[in-house]
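Proteins come first, then strands; the chains are lettered A, B, ... in the order of their sequence lines, and each starts at number 1. Side-chain atoms are counted along with the backbone in the values below, which use heavy atoms only and exclude waters and symmetry mates.
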2 protein chains.
Amino acid sequence: MPPTTAARPAFRTFPAPADLPEPLPEPTRADLRLDVVLGALSDPLRIGIVRALLLEAEAFDHTCGWFGLDRPKSTLTHHFRVLREAGLLRQRQYGLERRSQVRVDDLQARFPGLLDLIAAWTPPEAP
Amino acid sequence: MPPTTAARPAFRTFPAPADLPEPLPEPTRADLRLDVVLGALSDPLRIGIVRALLLEAEAFDHTCGWFGLDRPKSTLTHHFRVLREAGLLRQRQYGLERRSQVRVDDLQARFPGLLDLIAAWTPPEAP
DNA sequence: CCATGTGTTCGACTGTGGTCGTACAAGCAG
DNA sequence: CTGCTTGTACGACCACAGTCGAACACATGG
């Protein structure tokens with residue numbers, strides 16, 4: 001298939017290790033709604049999480065503790081669930097820990113350019 | 001200045017009639033914050049307003065009543081103010097009526113691709 | 001002057017979202 | 001089993017957003 005936008009810096013998608021646990025419940029690609037996605041991204045902490053996953057991810061996916069967020073665990077659970085239910089993140093349970101990754105393919109297909117906007121975001125109050 | 005993205009379907013920007021009233025207070029282009037903009041677009045009614053202005057605008061700008069929104073006037077005032085304070089709309093007072101337009105240039109410069117996403121949005125529950 | 005049309009401001013109600021503490025569940029190490 | 005770690009679940013609190021009615025401000029047309 002011909003690349004529609006050839007020179008774009010595609011975000012890395014890592015192949016699945018083939019013995020993955022099932023993802024937690026999430027909306028289908030066809031069920032993604034732009035208003036819901038944008039609402040999930042309207043919180044600086046949440047858009048920061050997605051941006052960090054897009055830019056600094058070196059492995060397949062990451063646990064909640066991988067981000068340097070000094071918030072109580074229940075708060076993080078809340079924000080990660082909002083991101084997953086909006087369709088931005090896919091989460092899998094690896095024994096003890098729950099790992100998250102950005103649904104790059106689905107988001108590029110439904111909302112082309114959105115991930116580039118997220119990657120270009122900068123946190124407020126950062127002089 | 002060379003156009004950075006040449007082949008994009010640019011949204012129409014209408015030249016100012018030169019005797020325009022001053023715009024209502026709005027954030028500077030440099031003060032636009034992506035999280036705030038996305039938060040303003042997270043409401044279906046509001047993203048619908050911006051989309052309608054992008055797609056169906058045939059004149060320079062439009063009054064609140066131009067949209068077929070059957071909500072009380074105070075509700076519309078609220079939503080248009082949110083869009084203006086987020087930096088999505090520019091509003092001018094023309095005697096009786098207040099007209100709105102999308103800040104196409106500023107948004108394309110700060111968040112390239114965002115307007116295309118908005119234009120591609122479709123309202124929910126529309127079978 | 002008075003009526004009409006456009007839009008704001010104020011106050012109120014209601015629902016929801018962000019934040020957090022505490023308690024609890026599950027996997028793993030000793 | 002006992003602890004340790006990772007994360008959820010539940011409930012509470014507080015602030016803010018969405019909604020609306022009523023009253024007001026303003027320009028225009030009779």
Side-chain angles (χ1 to χ4, degrees), chain A residues 19-26 33 35-50 53 59 61-86 88-101 123-125, chain B residues 19-26 33 35-50 53 59 61-86 88-101 123-125:
Chain A
D19 58 338
L20 280 185
E22 278 303 295
L24 276 65
E26 63 183 21
R33 297 221 38 93
D35 38 303
V36 177
V37 168
L38 297 189
L41 292 171
S42 66
D43 189 284
L45 198 140
R46 286 199 293 259
I47 195 176
I49 289 174
V50 180
L53 276 176
D61 44 13
H62 286 279
T63 72
C64 290
W66 176 78
F67 313 85
L69 306 175
D70 53 346
R71 306 292 181 90
K73 298 182 291 180
S74 47
T75 298
L76 299 184
T77 300
H78 166 65
H79 287 299
F80 276 91
R81 167 163 32 187
V82 171
L83 288 171
R84 173 172 53 85
E85 293 181 344
L88 282 157
L89 296 189
R90 171 164 297 143
Q91 292 185 288
R92 288 190 167 90
Q93 193 78 28
Y94 287 82
L96 265 181
E97 52 206 13
R98 179 168 296 191
R99 293 169 177 268
S100 303
Q101 56 173 316
E125 302 285 327
Chain B
D19 59 338
L20 281 186
E22 277 303 296
L24 275 66
E26 64 184 20
R33 295 223 40 93
D35 39 302
V36 178
V37 168
L38 298 188
L41 293 171
S42 66
D43 188 285
L45 197 141
R46 286 199 292 260
I47 193 175
I49 289 174
V50 180
L53 276 176
D61 43 12
H62 286 278
T63 71
C64 290
W66 177 79
F67 313 86
L69 306 175
D70 53 346
R71 305 293 180 89
K73 297 182 291 181
S74 48
T75 299
L76 298 184
T77 300
H78 166 64
H79 287 298
F80 276 90
R81 170 172 17 199
V82 171
L83 288 171
R84 173 172 53 86
E85 292 181 344
L88 282 156
L89 297 190
R90 172 164 297 144
Q91 293 186 287
R92 287 191 168 88
Q93 192 79 25
Y94 287 82
L96 265 183
E97 52 206 13
R98 178 169 297 190
R99 295 170 174 268
S100 304
Q101 56 172 318
E125 301 285 323

**Student:** Atom CZ of B:Phe80 to atom C1' of C:dT6: distance rounded to whole Å?
**Tutor:** 13 Å

**Student:** Sequence neighbours excluded, which residues qualify as side-chain hydrogen bond (donor to acceptor under 3.5 Å, both in side chains) partners of A:Asp43?
**Tutor:** none

**Student:** For DNA chain D, what is the dot-bracket line, given that a base pair needs Watson-Crick (N1 to N3, plus N6-O4 or O6-N4) or G-U wobble (N1-O2 and O6-N3) geometry with both distances under 3.5 Å, and | means paired with another strand?
**Tutor:** ||||||||||||||||||||||||||||||

**Student:** Please report the distance, rounded to the nearest Å, between CZ in B:Arg99 and C1' in C:dT6.
**Tutor:** 12 Å

**Student:** I need the CD-P distance between A:Glu85 and D:dT8, as an integer number of Å.
**Tutor:** 12 Å

**Student:** Using the test side-chain hydrogen bond (donor to acceptor under 3.5 Å, both in side chains), find all partners of B:Glu97 that sit at least two apart in sequence or belong to another chain.
**Tutor:** B:Arg99

**Student:** For the CZ atom of A:Phe80 and the CG atom of A:Leu69, what is their distance to the nearest 0.5 Å?
**Tutor:** 6.5 Å

**Student:** Calculate the interatomic distance between A:Arg81 atom CZ and D:dT8 atom C1'; express it in whole Å.
**Tutor:** 8 Å

**Student:** Which nucleotide wins on minimum distance to the side chain of B:Arg98, given the candidates C:dG7, D:dA9, D:dT6?
**Tutor:** C:dG7

**Student:** B:Gln93 CD to C:dT6 P: how many Å, rounded?
**Tutor:** 13 Å

**Student:** Could you list the residues that satisfy side-chain hydrogen bond (donor to acceptor under 3.5 Å, both in side chains) with A:Glu85, not counting sequence neighbours?
**Tutor:** none

**Student:** Rounded to whole angstroms, how far apart are CD1 on B:Ile49 and C1' on D:dG18?
**Tutor:** 13 Å

**Student:** To the closest 0.5 Å, what do you measure between CG (B:Leu88) and CD (B:Glu26)?
**Tutor:** 11.0 Å

**Student:** Hey, could you give me the CZ/CG distance between A:Arg33 and A:Leu38, rounded to the nearest 0.5 Å?
**Tutor:** 10.5 Å

**Student:** Considering residues at least two apart in sequence or located in another chain, which fulfil the side chain to side chain contact (heavy atoms under 4.5 Å, CB included) criterion with B:Thr75?
**Tutor:** B:Arg71, B:Pro72, B:His79

**Student:** Looking at every heavy atom in both A:Arg92 and A:Pro23, which two are closest together, and how far apart are they?
**Tutor:** NH2-CG, 3.6 Å

**Student:** Whole angstrom is fine here: how far is it from CG in B:Leu24 over to C1' in C:dT8?
**Tutor:** 11 Å

**Student:** CZ of B:Arg92 versus C1' of C:dT8: gap in Å, rounded?
**Tutor:** 20 Å

**Student:** To the nearest 0.5 Å, what is the distance between CG on A:Leu45 and NE2 on A:His78?
**Tutor:** 10.0 Å

**Student:** Nucleotide by nucleotide, 5' to 3', does protein get under 4.0 Å of the base (B), only the sugar-phosphate (S), or neither (-) in nucleotides 10-28 of chain C, counting heavy atoms?
**Tutor:** --------SBBB----BB-

